[in-house]
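Positions are given from 1 along the sequence. Values below: every heavy atom of this structure, side chains too, minus hydrogens, waters and symmetry copies.
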Amino acid sequence: MSDHQLRTRTPAGPAPGPRTPGPRAAAAFRAAAPALAVYAGARALGLLAFWAAASAAGKDPLGPLSGRWDSVWYQRIAENGYRYTVTLPDGSVHSDLAFFPLLPALERSLSEVTPLTLGGAGLLVAWTAGLLAAWGIYAVGAHLRGRRTGVVLAALWGVYPTAFVQSMAYTETLFTALAAWALYAALRGRWIVAGALCVLAGLTRPTAAALIAALAITAAVTLVREYRDERRAGPVLRRNARMIAGVALAPLGWLAYVVFVAVREGSPFAYFEVQAQWGNNIDGGRALAAFIAGLPWPAALGLCAALGLLGWLVVLCVRQRQPLPVLVYAITIVVISLIGAGYFGSRPRLMMPAFPLLLPPAVALLRLRTTGRTAAALAVLACASAAYGAWTLLGSGPP
């Protein structure tokens with residue numbers, strides 16, 4: 001018997017049974033626990049700072065989190081379905097059809113089976129989804145660069161400048177959780193799971209288009225590369241059948257809602273017309289350029305510097321050779337956020353799901369000489385994020 005056979009031979013006895021998902025899930029949770037703890041700590045600090053500021057100002061701390069801005073629209077849909085419109089003084093009509101249905105459906109379901117109000121249900125969904133998002137972000141970071149990077153990556157997402165939105169009854173945390181786990185599934189070759197999560201993401205936010213594009217482009221590149229090597233389509237398609245099925249599944253959630261709006265309004269382009277009424281149409285960046293041109297020159301220079309930093313982060317992501325689905329997803333989120341005609345103040349929030357942009361800073365933080373310095377840097381960022389969140393939430397908004 002060869003040495004290799006001696007090393008790999010297993011003792012005689014009953015064959016091991018199939019591995020159950022329970023132990024694997026428990027092990028994955030234990031591995032992610034540091035990331036979840038750091039993320040939860042950052043968000044708890046943000047909530048504490050906001051509660052203190054709101055109490056000092058004599059305001060209700062829960063009001064801005066679940067009872068203002070988009071949260072009200074989601075709760076109205078949860079309570080009454082899609083039927084509400086409002087006409088603004090300039091004549092534009094804002095319809096609740098601009099808001100996707102998954103969050104209202106979850107709010108209604110939770111409020112029916114628990115004592116929670118719709119606003120409380122929305123906060124429970126957002127806070128739970130925030131933890132799931134941090135876990136998914138950790139999983140992607142750990143898969144790409146190791147566990148320590150995954151922990152710092154999740155922490156950086158929790159101290160993002162507009163991370164206060166993660167504590168609101170908004171859709172960003174729910175979407176990011178679905179996107180992060182879909183990307184992780186794609187990186188692990190679990191394409192059906194990735195496609196199914198993409199369906200749910202497509203029922204959550206319009207930016208699911210970035211996730212759909214990430215999966216589709218990755219699959220197309222894979223198929224072209226393998227066909228170029230083999231010159232036979234049959235084996236390539238059979239070998240990648242699950243990937244093709246996952247990609248075909250991915251856009252169904254987004255498409256289903258677009259078709260629903262089209263049938264509801266009696267126009268094939270009704271969804272895009274509704275978004276245009278809200279000012280969310282794609283204008284190629286003209287609104288952004290006009291906004292910058294209208295600023296005083298110091299503010300314009302500062303904004304241009306911030307956009308330059310954003311571009312540099314994209315370059316660093318490319319230099320890191322991030323996997324194609326991760327890279328395409330992040331870049332597409334950024335592009336969609338910048339070329340829309342919507343309110344400028346919302347754009348940092350819209351880019352928040354692009355967590356792969358934080359991978360270069362995460363790697364840089366881990367290059368500090370000691371763990372203490374990394375922790376100190378994250379603590380400073382957490383305090384700054386908490387202060388900015390309290391200031392913004394107590395302002396006129398919307399975030």
**Study point:** Side chain Q275, main chain A98, donor-acceptor under 3.5 Å
**Key:** yes
Check your understanding: If you draw a 6.0 Å radius around CZ in R239, do more than 12 non-hydrogen atoms from other residues or ligands fall strictly inside?
Key -> yes
Exercise for review: Please step through ring-ring contact (aromatic ring centres under 6.0 Å, His included) for the pair Y138 and W135, ending with a clear verdict.
Suggested key: CA-CA 5 Å; Y138 161 81; W135 190 354; 8.5 Å; no
Exercise for review: Take the angle between the ring planes of W73 and Y84 and call it parallel below 30°, perpendicular above 60°, tilted in between.
Suggested key: perpendicular
**Study point:** Donor-acceptor under 3.5 Å (R108 side chain, E79 main chain)
**Key:** yes
Review point. Are any non-hydrogen side-chain atoms of L310 and L357 less than 4.5 angstrom apart?
Key: yes
Check your understanding: Under 3.5 Å, is there a donor-acceptor pair between the R43 and Y39 side chains?
Key -> no
Exercise for review: For the pair T204 (side chain) and L200 (backbone), establish whether a donor and an acceptor sit closer than 3.5 Å, ignoring hydrogens and angles.
Suggested key: yes
Exercise for review: First locate atom CG of L65, then atom CG of L47, and finally report the distance between them rounded to the nearest 0.5 Å.
Suggested key: 6.5 Å
Exercise for review: Output the distance between atom CG (L118) and atom CD (E107), rounded to the nearest 0.5 Å.
Suggested key: 6.0 Å
Practice item. Compute the ring centroids of Y160 and W157, then answer whether they are less than 6.0 Å apart. Key: no
Review point. Taking C-beta and beyond as the side chain, do P360 and Q320 meet within less than 4.5 Å on heavy atoms?
Key: yes
Check your understanding: Under 4.5 Å between side-chain heavy atoms, hopping through other hydrophobics if needed: is there a path connecting M351 to V314?
Key -> yes
Review point. Between F355 and V140, is a side chain to side chain contact (heavy atoms under 4.5 Å, CB included) present by the stated rule, with each step listed?
Key: CA-CA 10 Å; F355 66 88; V140 172; 4.1 Å; yes
**Study point:** Heavy-atom donor-acceptor pair, R321 side chain to V318 backbone, under 3.5 Å
**Key:** no
Point to revise | Expected output: side-chain T114 to main-chain L110 donor-acceptor under 3.5 Å | key: yes
Exercise for review: Dump the intermediate steps for side chain to side chain contact (heavy atoms under 4.5 Å, CB included) on L307 and L338, then the final yes or no.
Suggested key: CA-CA 10 Å; L307 292 174; L338 294 181; 4.1 Å; yes
Review point. Within the side chain of T392, is there an N or O that forms a donor-acceptor pair under 3.5 Å with the backbone of G389?
Key: no
**Study point:** Sub-4.5 Å side-chain heavy-atom contact between R68 and L393
**Key:** no
Practice item. Could you tell me whether a side-chain N or O of S71 sits under 3.5 Å from a main-chain N or O of G67, the two making a donor and an acceptor? Key: no
Point to revise | CD-SG distance between Q322 and C317, expressed to the nearest 0.5 angstrom | key: 4.0 Å
Check your understanding: Between T171 and R205, do the side chains contain an N or O donor and an N or O acceptor separated by less than 3.5 Å?
Key -> yes
Exercise for review: For the pair R349 and E172, find out whether any cationic side-chain nitrogen is under 4.0 Å from an anionic carboxylate oxygen.
Suggested key: yes
Review point. Side chains of L359 and L316: does their closest heavy-atom pair fall under 4.5 Å?
Key: no
Check your understanding: Only one of L237, T218, L223 clears side-chain contact (heavy atoms from CB on, under 4.5 Å) with M243; which?
Key -> L223
Practice item. Nearest 0.5 Å please: distance from the CG atom of L36 over to the CG atom of L131. Key: 6.0 Å
Exercise for review: Calculate, to the nearest 0.5 Å, the distance between atoms CG and CG belonging to L301 and L295 respectively.
Suggested key: 10.0 Å
Check your understanding: Transitively linked via ILVMFWY side-chain contacts under 4.5 Å: L144 with L324?
Key -> no
Check your understanding: If you count the non-hydrogen atoms of other residues, nucleotides and ligands that lie under 6.0 Å from CZ in R76, is the total more than 12?
Key -> yes
**Study point:** Pairwise side-chain contact, Y74 with D96, heavy-atom cut-off 4.5 Å (strictly under)
**Key:** no
Exercise for review: Could you tell me if the ring centre of F100 sits under 6.0 Å from that of F175?
Suggested key: no
Review point. For the atom pair OG1 (T117) and CG (L123), what is the distance rounded to the nearest 0.5 Å?
Key: 8.0 Å
Check your understanding: Where the side chain of W51 meets the backbone of G46, is there a donor-acceptor pair that is under 3.5 Å apart?
Key -> no
Practice item. Answer with yes or no after comparing the ring centroid distance for Y170 and W69 against a 6.0 Å cut-off, counting only values under it. Key: no
Review point. Checking H94 side chain against Q277 main chain: does a donor-acceptor pair fall under 3.5 Å?
Key: yes
Check your understanding: Is the ring centre of F164 less than 6.0 Å from the ring centre of W391?
Key -> no
Review point. Do L45 and V151 sit in the same hydrophobic cluster, where Ile, Leu, Val, Met, Phe, Trp and Tyr count as joined when their side-chain heavy atoms come under 4.5 Å apart?
Key: no
Review point. Would you say R148's side chain and L366's backbone share a donor-acceptor pair under 3.5 angstrom?
Key: no
Check your understanding: Where do A182 and L197 come nearest, in terms of heavy atoms and distance?
Key -> N-CD1, 3.5 Å
Exercise for review: Decide whether L62 and F50 are clustered together by the hydrophobic rule: side chain heavy atoms of Ile, Leu, Val, Met, Phe, Trp, Tyr closer than 4.5 Å, transitively.
Suggested key: yes
Review point. With hydrophobic residues grouped by side-chain heavy-atom distances under 4.5 Å, do V199 and L178 end up in a single group?
Key: no
